[in-house]
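Worksheet for the structure shown next.
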Amino acid sequence: MNPFSSSTRLRDMIRSIRACKTAAEERGVVRKECADIRASINENDPHDRHRNLAKLMFIHMLGYPTHFGQMECLKLIASPGFPEKRIGYLGLMLLLDERQEVLMLVTNSLKQDLNHTNQYVVGLALCALGNICSAEMARDLAPEVERLIQFRDPNIRKKAALCSTRIVRKVPDLAENFINAASSLLKEKHHGVLITGVQLCYELCTINDEALEFFRKKCTEGLIKTLRDITNSAYQPEYDVAGITDPFLHIRLLKLLRVLGHGDADASDLMTDILAQVATKTESNKNAGNAVLYECVETIMAIEDTSSLRVLAINILGRFLSNRDNNIRYVALNMLMKAIAFDDQAVQRHRVTILECVKDPDASIRKRALELVSLLVNENNVKQLTKELIDYLEISDEDFKEDLSAKICSIVEKFSPEKIWYIDQMLKVLSEAGKFVKDDVWHALIVVITNASELHGYTVRALYKAFLTYSEQETLVRVAIWCIGEYGDLLVNNVGMLGIEDPITVTECDAVDVIVDAITRHNSDMTTKAMALVALLKLSSRFPSISERIKDVILKQKGSLLLEMQQRAIEFNSIVERHKNIRWSSLVERMPVLDEATFNVRRAGSLPASVSTMAKPSVSIPNGVSAAPLVDLLDLGSDDILAAPSSSSGADFLQDLLGVDLGSSSAQSGATPAPKASTDLLLDILSIGTPSPAQNSTSAIDLLSTADMNNNSSTALDTLSSSAQPHIATTASAGGMFDLLDGLSPSPSKEATNGPAYPPIVAYESSSLKIEFTFSKPSGNPQTTNVEATFINISPNTFTDFVFQAAVPKFLQLHLDPASSNTLPANGGKVTQNLRVTNSQHGKKSLVMRMRIGYKMNGKDVLEEGQINNFPRGL
Amino acid sequence: GTDDHSSDLFWESRINMIHFVLLVSRQGKVRLTKWYSPYTQKERSKVIRELSGVILNRGPKLCNFIEWRGYKVVYKRYASLYFCMCIDEADNELEVLEIIHHYVEILDRYFGSVCELDLIFNFHKAYYILDELLIAGELQESSKKTVARIISAQDQLVEAAKEEASSISNIIAQATK
């Protein structure tokens with residue numbers, strides 16, 4: 001604009017940047033331009049500002065830093081002319097965001113411009129405020145905006161309405177100020193004003209109960225009439241999209257009706273006819289019509305029960321599902337997930353089509369369909385669905401195998417009708433996608449195998465056969481070598497043949513070949529090799545005729561690059577050497593049956609509500625799964641190997657475990673809740689299992705008192721250790737501990753000062769994370785519930801930057817205390833966080849919560865989300 | 001505390017709204033970005049990098065939605081440009097496709113069969129038009145005609161100011177001759 005200016009024009013700058021051949025060249029041009037702009041800013045010539053800012057915006061879009069231009073935006077906004085203000089506001093929205101302090105400086109200019117005589121200046125200010133205002137600005141300028149909702153020009157009214165939407169999102173307390181103004185907009189004829197007005201009302205309804213009641217009473221009928229008018233209106237070229245008059249308005253009206261009808265039978269009744277009309281009359285051959293139908297279905301599913309409408313809705317979804325358009329199929333899958341909640345049968349009818357979608361070439365559709373399928377599985381269809389999914393696993397894309405195999409495993413584990421079926425399916429998954437299977441899954445498989453003694457022979461033979469074909473699948477190899485080590489004799493002798501099996505001929509040499517293959521393969525990892533070494537040791541006693549060969553293989557591992565392998569090879573070799581002629585088979589006898597309940601507890605890394613494990617008299621040692629602890633257990637370095645039966649070395653192992661854990665818990669400062677540590681200890685004790693429950697309970701309590709030292713009075717400790725009265729004045733946060741003590745005490749008495757007790761729940765569980773909630777009520781305040789959330793990392797990786805976020809509907813209030821840590825160590829690491837929920841509808845409505853969890857795992861951001869619906873009633 | 005703050009943010013993200021608009025060329029060049037939810041500059045470049053990677057690599061006949069970090073991104077390709085809008089999981093994806101198309105039609109009318117070059121050299125115009133279409137991540141106007149009218153009224157205000165300025169500078173130029 002300035003004829004005397006020496007700087008390049010915007011157009012020229014863009015040209016020269018576009019002409020750059022390399023990134024370095026582009027950086028050079030940008031650096032020079034930025035230097036010129038800085039110099040020009042320093043000269044403070046108002047004529048160059050407009051051009052400088054335009055250039056900076058372009059540079060900003062390329063990804064270069066432009067913060068030095070922020071103040072120029074403010075100066076332009078403060079200038080009197082429209083062109084300067086226009087580019088100034090644009091720059092403000094692009095270069096700044098609501099968290100920058102600089103933004104506060106613009107509040108005054110905004111206020112002036114909101115009162116400007118030129119309506120387009122007012123429009124600029126409203127737009128900027130609506131896009132980036134902070135809570136503080138929202139508070140300061142709300143009265144101006146509220147006034148502008150009634151402005152004579154519709155262009156300003158609609159902008160003021162959306163600006164108010166942002167204001168009430170930022171400061172929900174301001175909502176009631178806008179109720180009247182918003183309701184006046186619903187009578188408008190101007191579509192822009194009507195659309196934004198409906199949006200504002202929707203916003204107010206979701207924030208403020210009074211607003212919801214107000215609009216429900218005063219506006220439901222008017223909105224229905226507006227929707228009817230627009231649905232039946234004659235062709236209007238200005239608003240027509242593919243034969244539908246203003247689908248955008250349709251959608252917003254349906255959305256507002258949804259919140260008005262939800263939870264209110266009368267309002268729902270009123271809208272039945274118009275919803276039926278929209279559902280049946282809307283043209284569905286174009287996207288616009290389907291968008292309206294989609295919204296209509298959503299509204300039908302959300303309002304109070306009108307079963308005939310729901311049939312209509314499900315039919316629409318069925319039509320969507322068979323549509324050729326991928327977008328329509330995608331939204332159908334999405335909506336069917338919601339529809340399951342009220343009509344499982346109707347959704348089941350589409351099972352075949354949904355299964356086809358799992359095989360779709362489109363990753364988005366596959367993912368949705370897989371989620372949906374897993375919701376459709378039940379005892380009756382699990383076999384068929386699993387078969388379909390496993391068949392597909394064989395041919396699916398590599399990058400889908402991880403998700404797919406994880407889902408199949410979780411379905412199989414959850415619904416398996418019998419052990420042999422479970423084992424068969426797991427072997428299929430391991431064969432097809434073993435490299436994607438997580439540790440806890442194949443650990444669980446081994447636990448199940450040890451418990452199915454009648455299937456040991458069958459399983460080891462099946463694994464042997466699978467290995468011959470799928471030896472590249474690491475987890476399959478591990479399970480195979482573990483089983484061959486344990487049950488090698490059953491393999492070569494065809495022991496325990498089932499009717500369905502074909503006899504196979506496997507020599508001892510063949511069996512050892514498998515292990516040798518695994519241990520010598522260059523791409524086997526450490527765990528596999530260590531497991532193979534243990535298997536060899538075991539086989540050397542099972543197959544005495546070829547123990548020389550086995551010894552040679554073990555000896556070769558002395559040259560392993562892995563220290564652990566070297567050391568174990570030497571130790572194992574000396575065992576084989578020194579005890580050749582002695583009966584030392586107790587060392588290498590079969591692993592005792594692994595306790596499933598204990599494993600499940602450990603897998604979840606948490607305490608079960610019941611303490612069934614300790615009632616079992618059997619001794620169980622939960623260590624057979626990985627090789628290393630087994631080796632420790634054997635205590636190979638000491639001289640008294642022969643004298644040490646496995647149960648007593650189990651106790652040593654326990655001692656180690658306790659020693660470590662105790663040390664860490666007593667080292668903790670008062671900030672970390674001690675009861676958490678103590679439950680871990682209890683768990684470990686329980687999982688080892690001692691002969692008599694009585695002994696168990698005393699040791700548990702001793703431990704408790706040790707661990708509790710930090711934050712509890714000694715009187716409480718004394719009473720605790722007497723074990724007669726478990727309902728001591730322990731803090732509410734010790735909920736988990738209470739349950740356990742109840743189980744232990746001779747006369748379980750949950751009657752504490754806290755009123756009725758609520759069972760803890762598993763609020764959420766995924767393949768890597770489990771969340772448990774325990775509840776307590778502060779006395780005299782039935783509306784409030786204290787929730788102790790325990791987050792348990794059940795993955796083999798550490799989580800860092802762990803953040804838990806929760807949201808509740810408006811009849812609830814939620815307060816979150818800081819979490820005990822933001823890091824969850826791998827394999828059972830925990831973090832706790834206390835939540836306080838106040839239920840204004842106590843006794844009428846149950847708690848419900850949506851949550852989102854973010855963390856970093858292996859440097860990658862992970863986000864998990866879910867809804868918690870299984871709160872105990874009456875909270 | 002910080003947790004309260006994040007729970008606020010979470011609420012905000014539960015609101016059905018457009019969180020950002022992104023225009024990326026087939027070569028991965030950014031042509032327009034508009035943020036309706038707070039993202040730091042660092043987050044913004046990360047989002048752009050991640051999303052353009054995913055979108056540009058998607059096959060032609062797949063659906064127009066991707067699930068991304070708990071959100072959904074609705075995108076549509078027009079000639080050499082990808083128009084993307086990020087919404088919440090519960091939002092109406094099909095409607096967002098219509099909003100994108102609505103925007104493209106308005107651009108098309110304004111520039112007279114719009115092409116990528118128009119949006120490069122007149123990027124600010126593309127922003128002005130978007131600002132007449134969306135505020136606070138919500139749709140503002142369903143009439144293309146109305147948007148065109150309001151934009152042209154403002155363009156005229158700018159033209160008028162320019163003319164005034166150049167006539168003044170002419171006077172100055174004459175006087176200093």
Side-chain angles (χ1 to χ4, degrees), chain A residues 1 3 11 14 54 57-58 61 63 81-83 86-87 90 97-99 120 127 130-131 155 158-159 162-163 165-166 169 191-192 195-196 199 238-239 241 246-249 251 287-288 290-291 294-295 326-327 330-331 361-362 364-365 367 803 805-807 814 816-818 850 852 863 865, chain B residues 1-4 6-7 9-12 14-16 30-36 38-41 45 59 61-67 69-70 92-95 97-99 120-121 123-124 127-128 131 135-136 138-146 150 153-154 157-158 161-162 165 169 173:
Chain A
M1 279 175 64
R11 184 163 278 271
I14 295 176
M57 284 192 279
F58 191 84
M61 273 201 290
F82 179 79
R86 196 185 195 195
I87 194 107
L90 185 59
D97 71 67
E98 63 178 274
R99 285 168 303 199
Y120 294 107
C127 179
N131 285 343
N155 178 36
K158 70 185 188 191
K159 288 188 165 69
L162 287 187
C163 193
T165 304
R166 168 116 184 171
R169 277 177 194 164
H191 282 222
I195 278 178
T196 54
Q199 181 64 45
E238 195 174 349
Y239 296 107
V241 181
D246 207 338
F248 304 108
L249 181 55
I251 287 168
N287 182 64
N290 284 324
Y294 177 31
E295 200 70 35
N326 281 340
N327 290 339
Y330 176 88
V331 299
D362 189 332
S364 297
I365 289 184
K367 203 170 161 214
V803 179
Q805 300 173 322
L814 176 66
L816 294 175
D817 284 344
R850 291 193 73 136
R852 173 182 290 177
L863 193 74
E865 284 191 294
Chain B
T2 49
D3 288 283
D4 278 341
S6 54
S7 127
L9 274 182
F10 183 39
W11 256 131
E12 184 168 86
R14 293 299 2 138
I15 298 165
N16 303 332
V30 178
R31 296 303 176 210
L32 179 144
T33 60
K34 188 88 185 173
W35 309 87
Y36 298 101
Y39 293 81
T40 62
Q41 296 299 340
S45 9
K61 282 183 183 148
L62 308 182
C63 72
N64 296 86
F65 319 127
I66 37 181
E67 297 178 16
R69 294 206 213 165
N92 188 332
E93 302 90 344
L94 300 181
E95 192 210 5
L97 276 178
E98 287 302 320
I99 294 179
I120 294 172
F121 286 101
F123 68 92
H124 49 296
Y127 278 98
Y128 291 142
D131 282 342
I135 288 183
E138 301 293 346
L139 185 74
Q140 183 189 167
E141 181 57 66
S142 55
S143 158
K144 299 184 258 292
K145 214 165 112 187
T146 307
I150 293 169
Q154 294 179 81
L157 277 180
V158 174
K162 261 191 195 165
S169 57

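Below, chains carry the letters A, B, ... as their sequence lines are ordered, and counting in each starts from 1.
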*For B/Ser142 and A/His191, work out which heavy atoms get closest and say how close.*
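Scanning both residues completely, I find the closest heavy atoms to be OG-CB, 3.8 Å.
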*Between A/Thr196 and B/Gln140, what is the shortest heavy-atom contact and its length?*
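It is CG2-O, 3.6 Å.
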Identify which part of [X] has an atom lying under 4.5 Å from any heavy atom of chain B, answering side chain, backbone, both or neither.
X	result
A/Tyr330	side chain
A/Lys159	both
A/Leu249	neither
A/Leu162	both

*Examine whether an atom of B/Phe123 lies under 4.5 Å from a heavy atom of chain A, and if so say whether it belongs to the side chain, the backbone or both; otherwise answer neither.*
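Side chain of B/Phe123 only, per the 4.5 Å heavy-atom cut-off to chain A.
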*Which bit of B/Ser143 comes within less than 4.5 Å of chain A, counting heavy atoms only: side chain, backbone, both or neither?*
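Its backbone and side chain both get close to chain A.
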*Does some side-chain heavy atom of A/Asn131 sit less than 4.5 Å from a side-chain heavy atom of B/Lys34?*
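Yes; the side chains approach each other to less than 4.5 Å.
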Hey, which of [options] has the most heavy atom pairs under 4.5 Å with chain A?
options	answer
B/Arg69, B/Arg31, B/Gln154, B/Gln41	B/Gln154
B/Leu32, B/Ile150, B/Ile135	B/Ile135
B/Thr146, B/Thr33, B/Leu139	B/Leu139

As an exercise, state the distance from [atom1] of [X] to [atom2] of [Y], rounded to the nearest 0.5 Å.
X	Y	atom1	atom2	answer
A/Asp362	B/Phe65	CG	CZ	10.0 Å
B/Tyr36	A/Arg169	OH	CZ	11.5 Å
A/Phe58	B/His124	CZ	NE2	11.5 Å

Under 3.5 Å, side chain of [X] to main-chain N/O of [Y], donor-acceptor pair present?
X	Y	value
A/Asn326	B/Lys61	yes
A/Arg86	B/Tyr128	no
A/Asn287	B/Leu94	yes
B/Asn92	A/Tyr294	no

*Let me see the working for B/Cys63 and A/Ile365 under side chain to side chain contact (heavy atoms under 4.5 Å, CB included), right down to the final yes or no.*
CA-CA 8 Å; B/Cys63 72; A/Ile365 289 184; 4.3 Å; yes
*List the steps and the verdict of side chain to side chain contact (heavy atoms under 4.5 Å, CB included) for B/Glu95 and A/Glu295.*
CA-CA 9 Å; B/Glu95 192 210 5; A/Glu295 200 70 35; 5.6 Å; no
*asked:* Counting heavy-atom pairs closer than 4.5 Å to chain B, which one of A/Gly63, A/Ala288, A/Pro247, A/Pro361 comes out on top?
replied: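 Between A/Gly63, A/Ala288, A/Pro247, A/Pro361, the count favours A/Ala288.
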